[in-house]
Each structure stands twice: as structure tokens, then as C-alpha cells.
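Working notes, structure below.
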Amino acid sequence: MPHFHIDYSSNLEEVVDMGALCEAVRAAAAGIETFPMPGIRVRATRVDHYAIADGNRDHGFIDLSVRLRAGRPAEVKRDAIERIFTVLKDFVAPAMATHSIALSAEMRDIDAALSPKCGTIRDYLETMA
């Protein structure tokens with residue numbers, strides 16, 4: 001963990017480079033001690049159907065959801081989400097200067113007992129070191 005999921009309105013497809021945003025979030029997360037690098041996953045999903053504020057289709061949104069295993073102190077999580085949200089805001093700032101965009105982020109704990117995991121990424125990373 002953590003998993004970062006970015007939902008964004010389809011009208012931002014040509015305005016914000018979502019692949020580069022995913023990489024910016026990944027790089028920032030990798031620099032935060034509470035986020036183990038082998039567990040970082042960042043993905044973006046375009047949302048084609050949405051309604052915002054007054055219904056004007058020119059409005060757009062980017063919503064970042066962060067899920068991570070429970071157990072970290074509140075101040076550690078608060079610092080981490082603030083750092084990641086700053087990366088998001090800075091990345092999107094040029095687009096926000098010319099477009100109506102709502103940004104949001106939320107961090108949630110995952111109950112490890114209810115979230116089984118399996119994978120070989122850690123093994124692969126060890127062989128690459």
C-alpha cells in the first residue's frame with residue numbers, strides 16, 4: 001500500500017496530462033517514508049458521465065483517493081496527504097489558470113483483515129537491486 005486512484009472528468013483529457021500526473025504522484029509518494037515504495041500504485045480513470053455545480057459541461061474535476069493499510073498515526077497521514085495534495089495542486093495549476101476545475105483528495109485506511117494481497121513485485125525489486 002498505498003493505492004492512489006485519480007478520477008477525472010473527460011473534459012480534462014486534453015487539458016491535463018494524466019499519465020504525467022500519475023508519475024508525479026508516484027514520485028512524490030515514493031519520497032514519503034510512510035508509503036512503502038513497492039506497494040505504491042497510481043491509476044487514473046476518466047469519467048464520461050458527471051454533473052458539476054450549475055451543470056455547465058465546461059466545469060471539470062480531479063478527485064484523488066488514497067487507500068492505505070491502517071495503523072499510521074493521524075499526524076503522519078495528515079502530513080502525507082498534504083504533501084501529495086500539494087503535488088496535485090502544483091501539477092494542475094496551469095490548467096486551473098484557464099479552466100474551471102475542482103480538486104479534491106481523501107485518504108482512507110484499509111482494514112488489513114478484509115483486504116488480502118498477493119504479488120511478486122517485491123521479489124522482482126529485490127532481484128533488480
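We number each residue from 1, following the sequence as shown.
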Could you list the donor-acceptor pairs under 3.5 angstrom formed between side-chain atoms of residues 24-32 and any protein atom two or more places apart in sequence or on another chain?
unit_1 : atom_1 : unit_2 : atom_2 : d
Arg26  : NE     : Glu23  : OE1    : 2.9
Arg26  : NE     : Glu23  : OE2    : 3.2
Arg26  : NH2    : Glu23  : OE2    : 2.7

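- Under a 3.5 Å cut-off, the side chain of Arg69 and the backbone N or O of Ser115 do form a donor-acceptor pair.
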All N/O donor-acceptor pairs, side-chain side in residues 78-95, below 3.5 Å, sequence neighbours left out:
unit_1 : atom_1 : unit_2 : atom_2 : d
Asp79  : OD2    : Arg83  : NH1    : 3.4
Thr86  : OG1    : Glu82  : O      : 2.9

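- Using a 4.5 Å heavy-atom cutoff, the side chains of Val47 and Ser10 are not in contact.
- For the residue pair His59 and Ser100, a side-chain donor N or O sits within less than 3.5 Å of a side-chain acceptor on the partner.
- Rounding to the nearest 0.5 Å places CZ of Arg41 at 4.5 Å from NE2 of His3.
- Atom OG of Ser9 and atom CD1 of Ile62 lie 7.0 Å apart (nearest 0.5 Å).
- Summarising the geometry, atom CZ belonging to Arg57 is positioned 8.0 Å from atom CD1 belonging to Ile52; distances are rounded to the nearest 0.5 Å.
- Contact check for Asp109 versus Leu68: side-chain heavy atoms found under the 4.5 Å cut-off.
- When side chains are defined from C-beta on, Leu103 counts as touching Met96, because their heavy atoms get closer than 4.5 Å.
- Here the OG1-CG distance, from Thr120 to Leu125, works out to 9.5 Å after rounding to the nearest 0.5 Å.
- In this structure, Val76 is not a member of the same hydrophobic cluster as Met107, with clusters built from ILVMFWY side-chain heavy atoms closer than 4.5 Å.
- No more than 12 heavy atoms of other residues, nucleotides or ligands shown are found within 6.0 angstrom of CD on Glu33.
- Between the Asp7 side chain and the Asp63 main chain, no donor and acceptor come within less than 3.5 Å of each other.
- Taken to the nearest 0.5 Å, the CZ atom of Phe61 stands 12.0 Å off from the CD1 atom of Ile6.
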